[in-house]
Every structure is written in structure tokens, then in C-alpha cells.
Amino acid sequence: MSPPRPDLAPDADLSREEMESLQREIAAAAVFEDDFEFDPATLGDPLASASSPEDPPVVAGIDQSFLSDADGDQDRALSAVVAMRGGEVIERVHAIRPLEIPYIPGLLSFREGRPILAALEDLSVEPDLLLFDGSGRIHFRQAGIATHIGVVRDVPSIGIAKSLLCGDPCEDTANLPTGTRVAVESNSRVDAPDGTLIGYAVQTRQYDSPDRSINPLYVSPGHRVGPETAADVALALASSYKLPEPVRLADSYADEAKREIGDAP
DNA sequence: GCGACAG
DNA sequence: ATCTTGTCGC
């Protein structure tokens with residue numbers, strides 16, 4: 001049993017070195033193996049949830065959009081959370097917070113973490129699993145945004161990235177068939193022994209004809225979820241689109257809320 | 001110095 | 001991430 005760690009929350013006022021040091025603490029507190037109560041088999045399938053005695057687990061997708069000031073410069077981040085249960089949306093919340101630092105590869109959670117934590121606090125349901133757009137363990141210090149927020153809240157989490165931050169796919173990932181995965185291992189750029197399994201390239205959708213092809217998603221453990229389960233979940237929740245439904249809906253909701261509020265303060 | 005680099 | 005119409009294909 002691991003407690004929530006609000007003391008490890010992302011702080012944009014830290015120096016770059018302090019941020020990296022905090023990330024090593026996050027990685028040390030993270031659990032990169034299955035450690036949850038719910039049955040992953042009842043995640044998104046409406047049929048499985050109907051035959052289950054318990055309520056299906058609540059899965060929350062999280063994504064951000066950005067608002068600009070009068071000069072056209074991005075000055076605020078809008079974090080959107082879409083909670084689903086048994087394939088149905090049960091709640092949507094969003095929060096807006098000022099952007100304190102620019103985007104720096106490897107330090108994403110310090111830029112987007114505050115608005116995400118604020119939005120999660122507005123959520124009335126207790127999520128059993130968090131799905132982030134970004135990396136988890138596939139990170140230089142094994143502490144991507146999914147890992148950071150997962151550890152701070154002590155909620156099982158998974159990172160779903162559209163491109164690879166670091167690490168090496170074991171095999172060629174071009175033109176993978178739907179439903180397949182290729183292991184991603186750590187290399188010299190990752191703070192882990194070379195060859196450590198840190199995630200999977202997962203092909204949730206693929207064209208039939210060899211004309212064009214869809215790139216895989218890079219799925220990695222955030223907290224309390226192992227690499228195999230993380231890949232299983234991504235595949236189970238991606239019904240008819242490349243992105244798992246909770247993340248896809250959070251993505252569109254982030255844009256929707258942004259337009260409704262309008263830009264410029 | 002060079003290369004790599006989630007959103 | 002964001003700026004953005006049409007367009008190719010199933």
C-alpha cells in the first residue's frame with residue numbers, strides 16, 4: 001500500500017536540477033507492476049460490464065489545450081478530464097491555470113501538472129485508473145507525466161504517447177497489424193539498466209491496404225500498472241479510433257471547453 | 001561540439 | 001500543443 005504523495009507535486013518554481021531530482025524521487029516511489037483491485041477485463045466492454053456483479057471501474061482520460069492572451073501568446077493551460085464507466089461518460093470537468101514554464105522535453109509535468117491536479121480535484125467520482133496523453137515510464141528519469149500524477153494521487157495510471165520520447169523498440173514498428181505490440185526497452189538515455197522493459201509500441205488501429213499506415217501509440221506504465229496490462233488496456237479501450245476512448249474524448253473536450261470560453265482574457 | 005527531444 | 005481547407009479513400 002502506497003499513500004498519496006502531495007509533497008511530490010510538480011512545482012514550476014523549482015530549478016531544472018531540482019525538477020530532475022524530484023523526478024528521481026517520483027520514479028523511486030512509483031510501482032511499475034500491477035497493483036489494483038478492479039478487473040481489467042471489465043474495462044470498456046458493455047457486455048462484460050452487464051454480466052459483472054460489480055460496477056465496472058471508472059477510467060478517466062486527461063488532455064490539455066492552451067489559451068492565449070491578447071498578444072496571442074499562450075498563457076494558460078486548460079486541463080480536461082473525462083470519466084467513463086462501462087463505456088459510458090459519467091462526468092466531465094476542466095480547470096484552467098496559468099502557464100509558468102515553456103515546454104521542455106522531459107519536464108512536461110511541471111508545465112501541465114497543476115491544471116491537471118486542479119481538474120482532478122473537481123471530479124466527484126473516484127477514478128480507478130488514469131489515462132494520460134504523454135509518457136509514463138518511457139522517460140529519461142522514468143517519471144513522465146502519467147507517473148508523476150499517478151504517484152502524487154496514488155491512483156493507477158498509464159501513459160499514452162503519440163510519439164516516442166526515448167527508449168528503443170525491439171523490432172521495426174512500421175506497419176504493425178492491429179492488436180499487436182512491440183516491446184520498448186531502455187537505452188543509455190534512460191535512467192535504468194539498458195534493456196529494461198519500459199513500455200510497448202501498441203498498434204490499436206491499422207489500414208488493411210499497404211498504401212498508407214498508421215503509427216503505433218507508445219504506451220507505458222504510469223503507476224501501479226505493469227507494461228503488459230498497460231498495453232492490454234490501451235487495446236481494450238480503443239474501439240474504433242487509434243486513441244483509447246477516454247483520452248480521445250478528453251482531447252475533444254479540451255478543445256470544446258476552450259472554444260466555449262473563448263480566448264483572450 | 002553533435003544529436004535527440006512526450007505535449 | 002497550435003495555425004487550418006480541401007481532399008483522398010473506404
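For the numbers below, each heavy atom of this structure counts, side chains included, while hydrogens, waters and symmetry mates do not. All values derive from a computational prediction rather than experimental measurement.
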Any chance you could encode DNA chain B as dot-bracket? Rule is Watson-Crick or G-U wobble with both distances under 3.5 Å; [ ] for pairs crossing earlier ones, | for another strand. .......
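- Side-chain contact between A/L123 and A/V81 is present, with at least one heavy-atom pair separated by less than 4.5 Å.
- A ring pair (Phe, Tyr, Trp, His ring centres under 6.0 Å) check over residues 68-100 of chain A, counting only residues at least two apart or in different chains, returns the pairs A/H94-A/Y253.
- Counting non-hydrogen atoms of neighbouring residues, nucleotides and ligands closer than 6.0 angstrom, the CD atom of A/E100 exceeds 12 such neighbours.
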Short heteroatom pairs, N/O only, protein and nucleotides 5-10 of chain C, under 3.5 Å:
none

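- Of the residues in residues 94-101 of chain A, not one places a heavy atom less than 4.0 Å from an atom of DNA chain B.
- Nucleotide C/dT4 holds its C1' atom 13 Å from the CZ atom of A/R259, rounded to whole Å.
- Within the nucleic acid shown, A/D73 has no heavy atom closer than 4.0 Å to any nucleic acid atom.
- No side-chain donor-acceptor contact under 3.5 Å links A/E91 to the backbone of A/A83.
- For the salt bridge (Lys or Arg N to Asp or Glu O under 4.0 Å) condition, the pairs that include at least one residue of residues 227-252 of chain A, sequence neighbours left out, are A/R181-A/D232, A/E245-A/R248.
- A cation-pi arrangement, defined by a distance under 6.0 Å to the six-membered ring centre and an angle within 45 degrees of its axis, is present between A/R212 and A/Y207.
- No side-chain donor-acceptor contact under 3.5 Å links A/D71 to the backbone of A/D73.
- With sequence neighbours excluded, no residue forms a salt bridge (Lys or Arg N to Asp or Glu O under 4.0 Å) with A/R97.
- In this structure, CG of A/L67 is placed 11 Å from P of C/dC3, rounded to the nearest angstrom.
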Dot-bracket notation for DNA chain C, counting Watson-Crick and G-U pairs under 3.5 Å, with | for partners on another strand: ..........
Give every donor-acceptor pair under 3.5 Å between a side-chain atom in residues 164-171 of chain A and any protein atom, sequence neighbours left out.
unit_1, atom_1, unit_2, atom_2, d
A/D168, OD1, A/N187, ND2, 3.2
A/D168, OD2, A/N187, ND2, 3.4

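- When side chains are defined from C-beta on, A/L243 does not count as touching A/D133, because their heavy atoms never get closer than 4.5 Å.
- Taking the side chain to side chain donor-acceptor pair (under 3.5 Å) definition, one finds that A/S79 meets it with A/Q64, sequence neighbours left out.
- Although no hydrogens or angles enter the test, the distance criterion places no donor-acceptor pair under 3.5 Å between the side chain of A/T229 and the main chain of A/G226.
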For nucleotides 1-7 of chain B, 5' to 3', base contacts (B), sugar-phosphate-only contacts (S) and non-contacts (-) with protein non-hydrogen atoms under 4.0 Å give ---SBBB
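- Looking only at side-chain heavy atoms (C-beta outward), A/E112 and A/F66 come within less than 4.5 Å of each other.
- Under the rule for a side chain to side chain donor-acceptor pair (under 3.5 Å), A/R85 has no partner lying at least two apart in sequence or in another chain.
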Can you list, pair by pair, the side-chain donor-acceptor contacts under 3.5 Å of residues 145-157 of chain A, counting residues two or more places apart and other chains?
unit_1, atom_1, unit_2, atom_2, d
A/T147, OG1, A/G136, O, 3.4
A/T147, OG1, A/G222, O, 3.0
A/H148, ND1, A/S109, OG, 2.9
A/H148, NE2, A/L8, O, 2.8
A/D154, OD1, A/S2, OG, 3.0
A/D154, OD1, A/H223, NE2, 3.1
A/D154, OD1, A/R224, NH1, 3.3
A/D154, OD2, A/R224, NH1, 3.4
A/S157, OG, A/A146, O, 2.8
A/S157, OG, A/H223, N, 3.1

